[in-house]
Amino acid sequence: MWQPSKLELERLDKAQRLRDKGVEMYPARVCRSHRIAEAVEAFTVMEADSPDARDPIQVTLTGRIRRLNTKGKASFAHIEDESGRVQLFLRLNSLGEAAYELVRRKLIDVDDFVQARGVMMRTRAGEISVAVEGLRLISKALSPLPVVKEQRRDDGHVVEYGEFKDVETRYRRRYADLAVNRSVREVFVKRARTIKALRDFLDSEGMLEVETPILQPLYGGAAARPFVTHHNQLHQDLYLRISFELYLKRLLVGGYDAVYEMGRDFRNEGVSYKHNTEFTMLEFYKSYIDYAGVMDITERMFAYAALEVTGSTNIVYQGQAIDLKPPWKRLSIREAVQSFLGFDYMDYPDAESLYAHLRARGLAEGLKQSDTWGRMIVEHLLGDHIEKELIQPTIIRDYPRDMSPFAKRLQGGASPDTAKERRYVETHTERFEFFIAGMEMGNAFTELNDPRDQQDRFVEMKRLYADEADETTPLDQDYLIAMRYGMPPNGGFGCGVDRLVMLLTDQVSIRDVLLYPHLRLPAPTDRDLRGQFMLEAAVRECEYRLDYALEGTKHRLALYLPARGIGVEFRLANALDGARRQLQHLRKLVGGQLYVMTDEGFYRVEDEFVEMDLADFWRTAGM
RNA sequence: GGCCCUGUAGCUCAAUUUGGCAGAGCAAGCGACUCUUAAUCGUUAGGUUGAAGGUUCGAGUCCUUCCAGGGUCACCA
């Protein structure tokens, strides 16, 4: 499915010339004495220590050529490995005629990987370089990467000229994005550091990392639609997990004090700048603490991760300074509504009266008649009107019960003295979510461990969301059975790791912290339509086929370009005349003579199709 | 799924408003240059303007449909 562009044809040609010279382009074994940054560091140290007596530092470096400035008899290149870049100083005198010729004739290109042996030096212009005595091609790049030039200012600041920023191409060809865009590479280094920091933190808290099934016979633990798949041998439908919750809490029954899991969740929902169909989730459950204990851990964990990854608990996200240092602001959802929207929703204790009040205040836009009371408060008031204001880390606690089937009811301190306050306690749970930069980052509860209450909640959820079959949490009998054996009181936590990475790397879109964000199959490009391309390196003969999968196909065309060793076969929906333009374009593209075979006869393409007989056709096509 | 925006050379972008020869920089080919560094100088080539259809003497530009991406709403902690 690959047809070379003109630039790629040039490189294929260079590859052939290298083969003709007997150059091995893809050796199995290479040498490297230093990473590039190490070699530069060694030279810097040597310069500082012994400014007079210069012992030559012999190095053998490997890397990708990112800049190549060929001159008559002395050339310069930059090579780059993961640690950094260094300049190569390549001179005819040092390399010898044969090796230097590869550079001067640019048989070695930008983007190729090379191995360079030589002595560390500083050029007259002051740049640390390698005076190369031996240069060896170790991997030839047949497709050129997008060109981004760099200028390193005296202050060390790097200015880039030219960019590779088309997001679709960057996501689809992430390798090219990474190879070219240094800042993208850095994001994924920080992502790895974030995950390591979270793991280190939880380990140091004495929690046990576990792994639970991704394929589950029954999904649960969140309100989301699952992906369904099928096990052929067992004749059983399986769901990809939407959360880890129910499996992890079973482990507390089993006797572990505290467990956590970091892994992939799958939700069959739309994608957006903060949703991907699969995403990395972190959940932990710890015995003998309640949600206040979880709040403390949450604050310390995020502060720790920020410190490890960015070096500070003060970060900047999209121009906003954010301070992650504990303690964070904490308020109940009731207080949040009071302070942001100016009323007490407990004055409207059922769905009807709350709906009427919101309409009266002009806050009802987007509300559905079917919404439950709690859902209006959590998703509408909090989600639509308050969430985006929560820039500094904020814990919002005490959620309505009908939105929180796994959270323990609010454990009031002093017994409430009015009917309103009694009702408040009855209808709310010990659950909190926390928000940073206007984004919901995670969710936690004092976990429900009373099997009878849990059963009631399953039933209650089923009743409340009867209209929306997709959103009911299925009744997990085995989970209830487990709970009946006794589950220690515990606090649980879940957060989207990708969103934390967005925060710590200052990325607006979740797609920029995922190496391979979910995309549709690419639109069939011009090249794809031209079909399958096969490279036969030995004879440098190209053959590609076109298969227009169009209805009403009449003609099957074959097209040969013996001058370039290219053969094409394809079908066309249109009559022969309709193909002329495309064929002539193809001829322009690849050069040479076109020979066309159709159901109706054989032709040579001049300005018109010139009819041929079969024998002539094959002979002139050189086949 | 609805609405809005985008798709032009390998990359980054012009030309779209008001239909009239599809252009530039970088990258590439060839030539010159033994301390360059966004090297420079000369020169050459490079396009099915995402795809298909329509209107028109003439379409990158206007219309229809489709594809992909982004945004937004819906869905969804």
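Computation of the quantities below employed the complete heavy-atom set of this structure, encompassing side-chain atoms and omitting hydrogens, waters and symmetry-equivalent molecules. Below, read A as the first sequence line, B as the second, and so on, with proteins coming before strands; counting in each chain starts at 1.
Residues passing the salt bridge (charged side-chain N to carboxylate O under 4.0 Å, His left out) test with A/K249 are A/E245, A/E447, sequence neighbours excluded. Every ring pair (Phe, Tyr, Trp, His ring centres under 6.0 Å) that A/F493 has, sequence neighbours left out, goes to A/F284, A/F434. For the salt bridge (charged side-chain N to carboxylate O under 4.0 Å, His left out) test, no residue two or more places apart in sequence or in another chain qualifies with A/K149. Residues forming a side chain to side chain contact (heavy atoms under 4.5 Å, CB included) with A/L178 (at least two apart in sequence, or on another chain): A/R174, A/V184, A/R185, A/F188, A/L515. Residues passing the side chain to side chain contact (heavy atoms under 4.5 Å, CB included) test with A/R64 are A/R66, A/D111, A/F113, A/L145, A/A179, sequence neighbours excluded. Residues satisfying the side chain to side chain contact (heavy atoms under 4.5 Å, CB included) criterion with A/E379, sequence neighbours excluded, are A/R375, A/M403. The side chain to side chain contact (heavy atoms under 4.5 Å, CB included) check on A/Y317 picks up A/I322, A/A437, A/M439, A/M502, A/L503, A/D506, with sequence neighbours excluded. Remark: A/E261 pairs with A/R241 by the salt bridge (charged side-chain N to carboxylate O under 4.0 Å, His left out) rule, at least two apart or across chains.
One finds a side-chain N or O of A/R520 lying less than 4.0 angstrom from the OP1 or OP2 phosphate oxygen of B/rG69. Contact between the side-chain N/O atoms of A/K149 and the OP1/OP2 oxygens of B/rG25 is not found at any separation under 4.0 Å.
If you measure from atom CZ of A/R66 to atom C1' of B/rC11, you get 13 Å, rounded to the nearest angstrom. In this structure, A/H275 atom NE2 and B/rG70 atom P are separated by 15 Å, rounded to whole Å.
Base pairing in RNA chain B yields stems of at least 3 consecutive Watson-Crick or G-U pairs, both distances under 3.5 Å, namely B:1-7 with B:67-73, B:10-13 with B:23-26, B:28-32 with B:40-44, B:50-54 with B:62-66.
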What's touching nucleotides 3-5 of chain B from the protein side, N or O pairs under 3.5 Å?
none

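Counting only residues at least two apart or in different chains, ring-ring contact (aromatic ring centres under 6.0 Å, His included) contacts with residues 372-391 of chain A comprise A/Y345-A/W373, A/W373-A/H428, A/H380-A/H385.
Between A/V147 and A/Y161, it is A/V147 whose nearest contact on RNA chain B lies nearer the 5' terminus. Taking for each of A/H518 and A/R267 the nucleotide of RNA chain B with the nearest heavy atom, the 5'-most of the two is the partner of A/H518.
The separation of B/rA14 from B/rU8, taken at their C1' atoms, amounts to 9 Å, rounded to a whole angstrom. For the P atoms, the distance from B/rG46 to B/rC30 is 16 Å, rounded to whole Å. Here the separation of B/rU61 from B/rA52, taken at their P atoms, is 12 Å to the nearest Å. Straight-line distance between the C1' atoms of B/rA45 and B/rG31: roughly 15 Å, to the nearest whole Å. B/rU55 and B/rC63 are spaced 7 Å apart, taking the C1' atom of each and rounding to whole Å. On the P atoms, B/rG53 is 23 Å away from B/rG10, given to the nearest whole Å. The same atom, P, is picked in B/rU64 and in B/rC3; the two are 12 Å apart, to the nearest Å. Rounded to a whole angstrom, the distance from the P atom of B/rG60 to that of B/rG70 is 28 Å.
Salt-bridge check for A/R457 with A/D402: failed, with every basic side-chain N at 4.0 Å or more from each acidic carboxylate O. Using a cut-off of 4.0 Å between Lys/Arg side-chain N and Asp/Glu carboxylate O, A/E150 and A/R182 are scored as salt-bridged.
In this structure, the side chains of A/L198 and A/L282 come closer than 4.5 Å at one or more pairs of heavy atoms.
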Would you mind building the protein contact string for nucleotides 30-37 of chain B? One character per nucleotide, 5' to 3', B for base within reach (heavy atoms under 4.0 Å), S for sugar-phosphate only, - for untouched.
-S-BBBBB
